[in-house]
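In what follows, chains are A, B, ... by sequence order, proteins preceding strands, each numbered from 1.
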Amino acid sequence: MARLDWQVEHVLRRAAFGPDAADLARFANTSAAAVTAYLVDFEQQPDDVDARIGDSAYVGITSRGQFSPNTRINDARQRWLFRMVHSRRPLQEKMALFWHNHFATTYTKVAGGVGGVQSTKMLALKAGELPGPQGQLELFRQFALGNFRDLLFNVARDPAMVVFLDGRTNVKRKPQENFGREIMELFTFGVGNYVEEDVYAAARVFTGWNLRRATDLPNTDPAGYYEFFYNPAQHDTTAKTFTFPVYGNGGLTIPERTAADGMQDAYDFITALALHPETARRLARKLWNFFVSELEAPDPAFVEAVATVYLENNMEMKPVVRYILGSSWFLDPSRLYARYSWPVEFVVRAIREVGWTGFSVNTARTPMANMGQTLFEPPDVAGWPQGQGWFSTGAMLARVNFATSLASNQRFNLAGAAAPHRASPSTFLNFFLQQLSPSPYATASYNELLAYLSAGGAWTGSDTQLNTKTAGLAKLILGSADYQFV
Amino acid sequence: MTRVSRRRFIRDGVAAFTVGFAAPAFLSDIARAQGVLSRNLVVVYLSGGNDALSTLVPYQDPFYFSRRPALAIPAGQVLQIGSDTGGTTLGFHPRLTGLHDIFNQGRLAIVQRTGYENSSRSHFQGTDIWGTANPASPSGSGWLGRYLDTLPLPVDALAGWSATQETPRALTASTVSVPSIPDAQAYSLSSPNSAAEALNERVAATRMASHVTTGQPHLSFVNGTLLGAFETLDRVALVNAYAPSVVYPTNGFGQALRTVAGSIAAGIGTRVYWVQLGGFDTHANQGNAGTGAYANLMGSFNDGLAAFYSDLQNQSLLNDTLVLQFSEFGRRINENGSGATAGTDHGAAGMMMAMGGGVRGGIFGTAASLNPDPANPALERNGTDVRHETDFRAIYAKVLDGWLGANSVAILGGDFRAGAPAII
């Protein structure tokens, strides 16, 4: 089947997880601008992907007993992978991934505090499926292209985050700095814009921000849950002075307030951080790396333009992302395949291109760990090391080995589709290069793939040869350097 | 919108050539030339900011107890190691029984109050500073990577070995891409086909990765990673057969050390290993002597290293190995919170340890008095954090010059030899 306009494919690789066969048909005569609008205005598409789980026409899941994505973390990982493979709102999932990396929270540490069932609920509970507040991932989906200040505020009171950055021990007499530091260093404007005294003051802003058990049930009970709880008795009510303006009039000090009104401190502080021009620029740089290019440093003109869009639109992310995807920076041919794919992107794109009938996303979990990315388990609060950081030798072997297992699993489906193209090694290879989408090969590499098809015996196109070379060729293409970019 | 051509399969206008292709083979000649069975360095990095005051306890300092009512380890529980030259009596955390034995054998050196001026309290900046050995501009290659860059070319692909999932900045080099191999068993190449066909695939993949394209450094980088993987696979597989002389803990740290011991015993020729133990960011629930997060960390740290030490000693490999431990910063003197949930926030100076057959054991440097008087010169920031006494780069210099036989001035971009304690 024919590939799409290169700009359309570019948009679909970056702002989605690459086109599958249905997309190739759906977008055959669609402009990049229309595809971008389709992705950005995702509310217009149904959010019905979870209902397809278990349907044999879709990628499979594997569970010990009942599939429990709200209470068992490996099932939550599978549900998210399933959504990424099949969602009709792929940009929503992609932005959820972006925020998951930005507000990186690890299952293991949260589970250390509240146990595995509650940790999974805090990270992945889909509202209404069990008692308790929605999980952090659902917050990221809700605010995928929402208002950054609102997202930040909700993250600050998100149960998983409160456990992860130790908010529960942030008390008036002895404030605890973990969240107060990271909200400045990692979640907003970054190192260089604050001093240690600001960290102390920020910690005091969040004193009393805690959780409470909402039920008497043990942590192991799926119906038990925690909820955010502001404890006025533990809030430090004294004034907090910063080295940067907190208020529009340039005021540096959050005034002394009654304990009952103490949550207002955080509203003021978070608003100041979210509106800070360096926060706008830092988000712009992160979005450059995510959407535009990792091969070039962010263009200062891009950073200023995106920061302006962000501030002029009251910190709403939808106009920001729409602007980026329509910009000449994004659509320039030099930005094609200019980003190192994350392991999860590699896996999802490979499944969408190779095929999924009879394949379980559970098969991807261990390989993804070896590639360096376990969902809900970023290495630390700074998120995953990206770009070249994904490509250690061991991680690259894991990519090749995942390609092997996917190619083995899909060998017969793929060989059947390839059979009409068996006339010669080049027709056969060209079929695969229609089906898969590595960046264009250098002639020498293309010729190596051709040579491989005749290695071990001249090309006959027999069924045996077809089955063998189908799996081998899919592995070689997915495992080649040229396939590791989106 | 302009309709542009459909995606091409082959790019043109890009010069491409192929480097001399070698079938997958052992690089044993190179490895041998660079000194198989010679000295190696094993870095043990405690990530998250180790609370040095709980590792090495000044158990007779009254301020230690008054400033840490929940976390202080009772004097009766520490493992005493005597006193430093400043007269402060010190003891190990009670879980460090194995290290206590090694200390008593004279093969463990402790350097107190290591750090640098204006210590970063950020994990990420701090890690980069320790990784690059450059507090002023912590970017670019790492100090151990720069050491690897001094080895004769071509540098063996296994000259460095990260036994953690990622390759740390410290091992970022320009002449070699250091592999990350936490588990030799998983470091393998699978095929959907028979053995003969698997070889065809490997030959094709190797040849594809050998094509060098100009003007595409990102592709060259990933191809270099692939080639590094293919070059190292067979030698790493030798480690799979390793039968250690002791039982290692089953946790990740213990298994990573087992892998390192296997590599040393197999004579792979690696010069620098990197092993990491995480979880030291103990803002909460730090605990004290027997229970809590910190005691568990010390248990993992001790049990893994003690097994590693015994394993090497049993095989007479101890004299070739130097273990060097550090973390990105120490922690605040005052505890936060209270009771069982108390913890410590980010601080300044920490401590370093060196262990091995060539180590001159003992306590180096002096402990800080923890008197919160803002005039206390051993503390900084109004008496809240421990101030460094020994620049961490002095220890790096000692290791580079005295153990690895390199030139620390060139590698560290300055002369930090002065003030280096005689740990080896």
Side-chain angles (χ1 to χ4, degrees), chain A residues 2-3 5-7 9 31-33 166 168-169 171 174-178 181 185 191 196 295 370 372 380 382 385 388-389 391-397 400-401 404 407-408 411 430 433 437 440-446 448-449 451-452 455-456 468 471-472 475-476 479-482 484-485, chain B residues 1 3-11 14 16 18 121-125 162 165-167 177 179-182 186-193 196-197 200-201 203-205 207-209 211 213 218-219 221-223 225-226 228-229 232 283-284 334-338 341-343 345-346 381:
Chain A
R3 302 300 301 192
D5 175 284
W6 67 268
Q7 287 189 331
E9 289 208 6
S31 68
D166 305 306
R168 293 186 295 169
T169 63
V171 292
K174 292 180 172 179
Q176 203 269 73
E177 296 161 11
N178 207 359
R181 177 185 303 278
E185 176 174 342
V191 164
E196 282 301 304
L295 309 185
N370 292 328
D380 54 50
Q388 296 189 346
F391 289 90
S392 67
T393 50
M396 194 62 223
L397 284 171
V400 178
N401 291 338
T404 295
S408 297
R411 180 198 309 261
N430 289 349
L433 295 178
S437 65
Y441 283 114
T443 306
S445 294
Y446 181 88
E448 296 297 350
L449 290 170
Y452 161 71
T468 300
K475 167 193 162 180
L476 284 173
S480 67
D482 311 72
Q484 309 313 316
F485 295 86
Chain B
M1 194 194 97
R3 272 290 190 206
V4 191
S5 65
R6 308 253 160 186
R7 194 173 55 84
R8 291 163 295 138
F9 301 151
I10 305 178
R11 48 169 196 274
V14 175
T18 305
R121 269 77 169 172
S122 156
H123 294 295
F124 312 102
Q125 199 174 43
S162 170
Q165 188 65 46
E166 297 110 33
T167 298
S177 170
S180 59
I181 313 172
Y187 197 81
S188 61
L189 182 64
S190 64
S191 165
N193 294 311
E197 188 61 17
N200 291 336
E201 293 159 13
V203 167
R207 293 185 62 102
M208 287 173 74
H211 294 306
T213 53
H218 56 296
L219 272 182
F221 173 80
V222 177
N223 276 324
T225 306
L226 273 165
T232 50
H283 285 277
N334 284 5
E335 66 193 26
N336 64 36
S338 58
T341 65
D345 291 316
H346 301 183
R381 233 186 266 283

Quiz item: Just wondering, do B:Asn193 and A:Arg411 contact through their side chains at under 4.5 Å, heavy atoms?
Solution: yes
What is the distance from atom [atom1] of [X] to atom [atom2] of [Y], rounded to the nearest 0.5 Å?
X: B:Thr225; Y: A:Met396; atom1: OG1; atom2: CE; result: 7.5 Å
X: B:Met208; Y: A:Glu448; atom1: CE; atom2: CD; result: 7.5 Å
X: B:Asn200; Y: A:Thr468; atom1: CG; atom2: OG1; result: 10.5 Å
X: A:Arg181; Y: B:Arg121; atom1: CZ; atom2: CZ; result: 8.0 Å
X: A:Ser480; Y: B:Leu219; atom1: OG; atom2: CG; result: 9.0 Å
X: B:Thr341; Y: A:Arg168; atom1: OG1; atom2: CZ; result: 9.0 Å

Do you know which of [options] has the most heavy-atom pairs under 4.5 Å to chain B?
options: A:Asn178, A:Val171, A:Asn370; result: A:Asn178
options: A:Leu397, A:Leu449, A:Thr169; result: A:Leu397
options: A:Gln388, A:Glu196, A:Lys475; result: A:Gln388
options: A:Gly456, A:Ala382, A:Pro175; result: A:Ala382

Select, from [options], the one with the greatest count of heavy-atom pairs under 4.5 Å involving chain A.
options: B:Gly343, B:Ser188, B:Ala342; result: B:Ser188
options: B:Ala229, B:Ala284, B:Ser190; result: B:Ser190
options: B:Ala204, B:Ala186, B:Ser122, B:Gly228; result: B:Ser122

Quiz item: Does any heavy atom of chain A fall under 4.5 Å from the side chain of B:Phe124, the backbone, both, or neither of them?
Solution: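 Its backbone and side chain both get close to chain A.
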Exercise. Go through the atoms of B:Ala205 and report whether side chain, backbone, both or neither lie under 4.5 Å from a heavy atom of chain A.
Key: both
[X] versus chain B, the contacting section by heavy-atom distance below 4.5 Å:
X: A:Gln484; result: side chain
X: A:Ala471; result: both
X: A:Glu185; result: side chain

Quiz item: Do A:Asp166 and B:His283 pass the side-chain hydrogen bond (donor to acceptor under 3.5 Å, both in side chains) test, and can you show the C-alpha distance, the side-chain angles, and the key distance before you say yes or no?
Solution: CA-CA 7 Å; A:Asp166 305 306; B:His283 285 277; 5.0 Å; no
Provide the closest heavy-atom pair for [X] versus [Y] in the form atom of the first, atom of the second, distance.
X: B:Pro192; Y: A:Thr404; result: N-CG2, 3.4 Å
X: A:Val400; Y: B:Leu189; result: CG1-CD1, 3.6 Å
X: B:Leu226; Y: A:Ala481; result: CD1-N, 3.8 Å

Exercise. Please test B:Val203 against A:Tyr452 for side chain to side chain contact (heavy atoms under 4.5 Å, CB included), starting from the C-alpha separation and ending with a verdict.
Key: CA-CA 9 Å; B:Val203 167; A:Tyr452 161 71; over 6 Å; no
Quiz item: Checking side chain to side chain contact (heavy atoms under 4.5 Å, CB included) for the pair B:His218/A:Phe391: CA distance, chi angles, key distance, verdict?
Solution: CA-CA 11 Å; B:His218 56 296; A:Phe391 289 90; over 6 Å; no
Exercise. For B:His123, enumerate each residue passing the ring pair (Phe, Tyr, Trp, His ring centres under 6.0 Å) test, keeping only those at least two apart in sequence or located in another chain.
Key: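 Partners of B:His123 by the ring pair (Phe, Tyr, Trp, His ring centres under 6.0 Å) criterion, ordered by chain and then number, come out as B:Phe329, B:His346.
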